[in-house]
Protein chains: 2
Amino acid sequence: MNVPQSSPGSRLDNYVDRYAARTAGMTASEVRALFAVASRPEVVSLAGGMPNINALPLDAVADTVARLVAERGTVALQYGSGQGDETLRGQICDVMRLEGIDAHPDDITVTVGSQQALDLVTRIFIDPGDVILAEAPSYVGALSTFASYQANVVHVGMDDDGLIPEHLENAIAAVRASGKRAKFLYTIPNFHNPMGVCLSPERRARILEICRAADLLIVEDNPYGLLGFDGDPMRALRADDADGVVYLGSFSKTFAPGLRVGWAVAPHAVREKLVLAAEASVLSPPVFSQMTVSAYLETQPWRAQIKTYREMYRERRDAMLDALRTYMPPGATWTNPAGGFFVWVTLPEGLDAKAMLPRAVTARVAYVPGTAFYADGFGASSMRLSFCYPTPDRIREGVRRLAGVISQELELRSMFGGPGAGPALRGGASPSPTTQAPGPDLA
Amino acid sequence: MNVPQSSPGSRLDNYVDRYAARTAGMTASEVRALFAVASRPEVVSLAGGMPNINALPLDAVADTVARLVAERGTVALQYGSGQGDETLRGQICDVMRLEGIDAHPDDITVTVGSQQALDLVTRIFIDPGDVILAEAPSYVGALSTFASYQANVVHVGMDDDGLIPEHLENAIAAVRASGKRAKFLYTIPNFHNPMGVCLSPERRARILEICRAADLLIVEDNPYGLLGFDGDPMRALRADDADGVVYLGSFSKTFAPGLRVGWAVAPHAVREKLVLAAEASVLSPPVFSQMTVSAYLETQPWRAQIKTYREMYRERRDAMLDALRTYMPPGATWTNPAGGFFVWVTLPEGLDAKAMLPRAVTARVAYVPGTAFYADGFGASSMRLSFCYPTPDRIREGVRRLAGVISQELELRSMFGGPGAGPALRGGASPSPTTQAPGPDLA
């Protein structure tokens, strides 16, 4: 028997006839290859959703972690509870109180980032073909999780005040009329990814009412809730409905994503199923990460750190909006985020953000085309710009380059009629649906 | 709108009509309540599979982690690649070389413990009703993952030399005759959980041959491979077949489980699917944990640490075997592990390990009944004893107590005919199948 070479030599897939049906929904993002190019230093990437953790006091965190390992290492480095560390679950309740949530540590399941919480919720509720209602557009990582469970995503319209209640009512009715029932509504009420908008307080009450009447579970995904630039945090949907909402939270944006510590808050019976699913999936979330977060919350000024993050992101948001106003050609529109990481830009009519991306990367600027945020192929006329990571100067330069590419496209278009653009609005002819693995670069 | 109470007050499940079909396979272990009792200090637990990490040099690990955060914190605390840290993947190749594996860093997907690797492999290969072949008995955490994907587990017989090739051939033929095709064989060739035995070198070649002839993928789970008490590590199945084997590894037993760092080695096309599934599930494994493992491997004497672990576990294994020989009543038999964590005890005929467990816990000793390791309800006559965690004196005392309980059962049985015991051997009447979430306590 000879020792074979490592497998990269063999590119043939001997298993092609053996994969589970769900793998059909697991495909790499078409734009991933471009992002590899976009990660070159000369390209201004407005594509990534990585938080800017340069503001973290690394020496203090290093001390905290060293003390944790030296003093409680045999616990921190051991297996833990499938539900998560009890002390941390108590601290998570304190954090959520800032958004009006009155939860008990027993209600909480700690997860490997809130992405895992999303995966587990989908796992326990979704059979192949089941319907999930989600905002149009919606978080690419959620869409890819839903696709991996063969869910049928039905998008619900949004505007500058978030999810539109009438559209939600219509979607619920349409799903019912088709003989199905939506399993849950997936929504990001605060500083939406990718749109940057917030669900208004009036609409929050209305959405809760509609969902209660339809007996529709809400999955409230809230990674950015504490990153508002003005005033106090918005009141969570979960604050006003403990039985009808599963709330997903994360320390990725308020502390650091590399720890992968998120959580789900769920009604008792749902929580029990989440823990069983979590145990089958990873046994227990990393105790090392959990106790690091717990020690950080206990010993470090975490509220002041969130304030630092907020100020840093506000400055970047301002730079982006200012540059958009300065450089964008007429016909382009964009949202005005009051927090979070993202601005949603809609191109002048007839332009296609996905078709334009290679030219943008050539002009040394990158973004995520709007199609990534739709399960049904829409969104070609839009793009997500992130202001979280680059410096304000780089943001301004990136928007300037992008505006240049758009202006060139418009010029070409007026000269030659331009390349065939995708549907500019929902309701046009739908290209074949694409579902894309998020990739951490799109988080 | 009033603020509702936290949900523990409400025990009614409003969602009972809404869960995915797969949740039927997610049920809590019936013995979990007992284990809560068993965690009291006066009970000697021979149930848990927790590694004994008291032997770790915590100060050195603390220094390593502190330096990592202080010097490379903005990388270690950030999102990372869905496939895992590249440096760590190279180091994993070095570790696997000890078992004859010649892999390339590209072949490797880093996972949240090898449990997640198992979850991802199952996710990409198993549709509901698909057949998985697994040893009889098999790892409880694997069975619970398989159940959560609605797999149909077909057990294959083992003896002291591991999986029995003829039984494997028969199982493959039987599955074919039923019009199905097994998607993969799940096996733990080294220091098997729960049996403690190893697949002999002769059988390794034979099993590879059988699987190649049947075009059957092997999933080789190897958490204990470097924890052999005598001689060099066994040659991995993956070492002799790069295209037919997906290999799962873990740092949980050679370093520490609280970091949750494991991995899968897979042929190129399978690896691509694993990464997409991993991204949909957790975006990326914790970079913080991965770089901690990487820095530990780079700066600490990890080979010497494994030697320390091996010596500690050997002393405990010796204590357990010695106590079994001293105290066990005639009719009980057990395996002779040459490494790992576990001894598999088969009770004198007619005794039922699950029925006996409450009485054992009353006598202040705990174990895992054999039924936990079967998808089909068998195993009632056996139990798994772990020697990994308690001190040698506690192990001896635990076995003494256990032997006392067994002797009492035998006495009662000879006086009154005893309680109706479950089937003592595979092939007897099968009780209703149970599938159990592993719980980290059973890992």
Side-chain angles (χ1 to χ4, degrees), chain A residues 1 3-4 6-8 13 19-21 23 26 50 53 58-59 61-62 65-66 69-70 73-74 76-79 102-104 106-107 112 115-116 119 124-127 144-145 148 240 242 256-260 267-270 273 276 279-284 286-289 437 440 443, chain B residues 1 3-4 6-8 13 15 20-21 23 26 50 53 58-59 61-62 65-66 69-70 73-74 76-79 102-104 106-107 112 115-116 119 124-127 144-145 148 240 242 256-260 267-269 273 276 279-284 286-289 437-438 440 443:
Chain A
M1 207 167 284
V3 181
S6 61
S7 61
D13 187 357
Y19 294 118
T23 59
M26 301 179 189
M50 294 199 303
I53 58 172
L58 290 181
D59 286 337
V61 176
V65 178
V69 172
T74 55
L77 297 172
Q78 188 53 273
Y79 286 114
D102 174 27
H104 188 278
D106 281 352
D107 301 338
V112 183
Q115 184 74 24
Q116 196 206 12
D119 183 77
I124 69 168
F125 280 110
I126 299 301
D127 284 312
S144 113
T145 300
S148 79
D240 294 313
L259 301 156
R260 311 305 297 121
H268 179 77
V270 175
K273 290 220 161 17
L276 291 172
E279 289 173 351
S281 157
V282 298
L283 284 184
S284 67
V287 180
F288 183 51
S289 286
Chain B
M1 210 167 284
V3 182
S6 61
S7 60
D13 187 358
Y15 297 96
T23 59
M26 301 177 189
M50 293 198 304
I53 57 171
L58 290 182
D59 286 338
V61 176
V65 177
V69 172
T74 54
L77 298 171
Q78 187 55 273
Y79 286 115
D102 174 27
H104 189 277
D106 281 352
D107 301 337
V112 184
Q115 184 74 25
Q116 196 205 12
D119 183 78
I124 68 167
F125 280 110
I126 300 299
D127 284 312
S144 113
T145 300
S148 79
D240 293 312
L259 301 156
R260 312 305 298 120
H268 180 76
K273 291 219 160 19
L276 291 171
E279 288 172 352
S281 158
V282 298
L283 285 184
S284 67
V287 180
F288 183 50
S289 287

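Just the heavy atoms: all of them, side chains too, but no hydrogens, waters or symmetry mates, feed the values below. Below, read A as the first sequence line, B as the second, and so on, with proteins coming before strands; counting in each chain starts at 1.
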For this session: Taking side-chain contact (heavy atoms from CB on, under 4.5 Å) as the test, write out the residues that go with A:V270, two or more places apart.
Result: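 Listed in chain order: A:I124, A:F125, A:V246, A:A266, A:P267, A:L274, B:Y15, B:Y19.
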Problem set entry | Residues forming a side-chain contact (heavy atoms from CB on, under 4.5 Å) with B:D127, sequence neighbours excluded |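 Partners of B:D127 under the side-chain contact (heavy atoms from CB on, under 4.5 Å) test: A:A20, A:A21, B:D130, B:K183.
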Roughly how far, to the nearest 0.5 Å, is the [atom2] atom of [Y] from the [atom1] atom of [X]?
{"X": "B:K273", "Y": "A:M26", "atom1": "NZ", "atom2": "CE", "value": "9.0 Å"}
{"X": "B:L77", "Y": "A:R260", "atom1": "CG", "atom2": "CZ", "value": "12.0 Å"}
{"X": "A:L283", "Y": "B:D119", "atom1": "CG", "atom2": "CG", "value": "10.5 Å"}
{"X": "B:H268", "Y": "A:D13", "atom1": "NE2", "atom2": "CG", "value": "9.0 Å"}

Problem set entry | Interface moiety of B:S148 toward chain A, non-hydrogen atoms closer than 4.5 Å |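 Contact with chain A is through the side chain of B:S148 alone.
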For this session: Kindly give the heavy-atom pair with the smallest separation between B:A66 and A:A62, and that separation in Å.
Result: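 That would be O-CB, 3.4 Å.
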Exercise. For A:A70, is it the side chain, the backbone, both, or neither that has a heavy atom closer than 4.5 Å to a heavy atom of chain B?
Worked result: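 For A:A70, the contact with chain B is made by backbone and side chain together.
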Problem set entry | Close side-chain approach of A:P257 to B:Q78, heavy-atom, < 4.5 Å |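 A side-chain contact under 4.5 Å exists here.
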Exercise. Counting heavy-atom pairs under 4.5 Å to chain B, which of A:D59, A:V287, A:V65, A:L58 comes out on top?
Worked result: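 Most heavy-atom pairs under 4.5 Å with chain B: A:L58.
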Problem set entry | Most chain B-contacting option - heavy-atom pairs closer than 4.5 Å, from A:A256, A:G258, A:G73 |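 Counting heavy-atom pairs under 4.5 Å, the top option is A:G258.
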